[in-house]
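Positions are given from 1, in the same order as the sequence printed here. No hydrogens, no waters, no symmetry mates; every other heavy atom, side chains included, goes into these values.
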Amino acid sequence: MDGHDSEDTKQSTADMTAFVQNLLHQMQTRFQTMSDSIITKIDEMGGRINELEQSINDLRAEMGVEGTPPPPATKSEPKTPS
């Protein structure tokens with residue numbers, strides 16, 4: 001019976017090893033997917049921040065040239081050179 005128990009133990013160990021390796025692979029895949037998603041969102045946020053900074057700079061330049069802020073309706077009107 002000792003030989004039989006030894007084989008069962010070896011099989012059980014092999015099964016556990018395969019299970020753990022599979023689990024680790026799944027975790028790595030999920031982690032990589034989440035990491036890629038986070039990096040994409042950070043890149044998108046960076047682009048939005050850049051656009052916001054440019055809009056702020058445009059507004060500052062517009063205010064500096066004209067002296068007073070334009071009314072809200074002027075966004076759709078074409079700008080005339082001073």
Side-chain angles (χ1 to χ4, degrees):
M1 292 233 184
D2 289 336
H4 191 304
D5 289 342
S6 177
E7 288 178 24
D8 287 346
T9 302
K10 287 180 183 177
Q11 183 61 38
S12 177
T13 302
D15 289 345
M16 184 61 72
T17 301
F19 173 78
V20 169
Q21 286 177 340
N22 185 36
L23 185 62
L24 288 173
H25 178 70
Q26 288 176 2
M27 289 173 62
Q28 182 179 8
T29 301
R30 289 179 182 169
F31 180 79
Q32 187 62 47
T33 301
M34 289 189 327
S35 178
D36 292 344
S37 176
I38 290 168
I39 290 171
T40 299
K41 292 193 183 301
I42 288 172
D43 288 344
E44 290 172 359
M45 289 176 64
R48 289 178 182 175
I49 289 171
N50 290 340
E51 290 173 7
L52 182 58
E53 286 176 336
Q54 186 60 48
S55 294
I56 289 170
N57 289 335
D58 290 347
L59 287 172
R60 283 183 176 171
E62 202 172 296
M63 288 175 67
V65 171
E66 297 179 8
T68 59
T74 60
K75 277 189 171 181
S76 61
E77 296 174 9
K79 295 179 184 177
T80 55
S82 303

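Under the rule for a side-chain contact (heavy atoms from CB on, under 4.5 Å), the partners of Glu53 that lie at least two apart in sequence or sit in another chain are Ile49, Asn50.
In this structure a side-chain-to-backbone donor-acceptor pair under 3.5 Å is missing from Ser35 to Phe31. In terms of modelled atom types and a separation under 3.5 Å, the side chain of Ser37 and the main chain of Thr33 share no donor-acceptor contact. A donor-acceptor contact shorter than 3.5 Å is absent between the side chain of Ser12 and the backbone of Asp8.
By the 6.0 Å contact criterion, CD on Gln28 is open, its count of non-hydrogen atoms from other residues, nucleotides or ligands being 12 or less.
In terms of hydrophobic clustering, with Ile, Leu, Val, Met, Phe, Trp and Tyr side chains grouped at heavy-atom distances under 4.5 Å, Leu24 and Met16 are assigned to a common cluster.
The NE2 atom of His25 sits 11.0 Å away from atom CZ of Arg30, with the distance rounded to the nearest 0.5 Å. The distance from the CG atom of Leu52 to the CG atom of Asn57 is 9.5 Å, given to the nearest 0.5 Å.
Put simply, the side chain of Leu23 reaches to within 4.5 Å of the side chain of Gln26, judged on heavy atoms.
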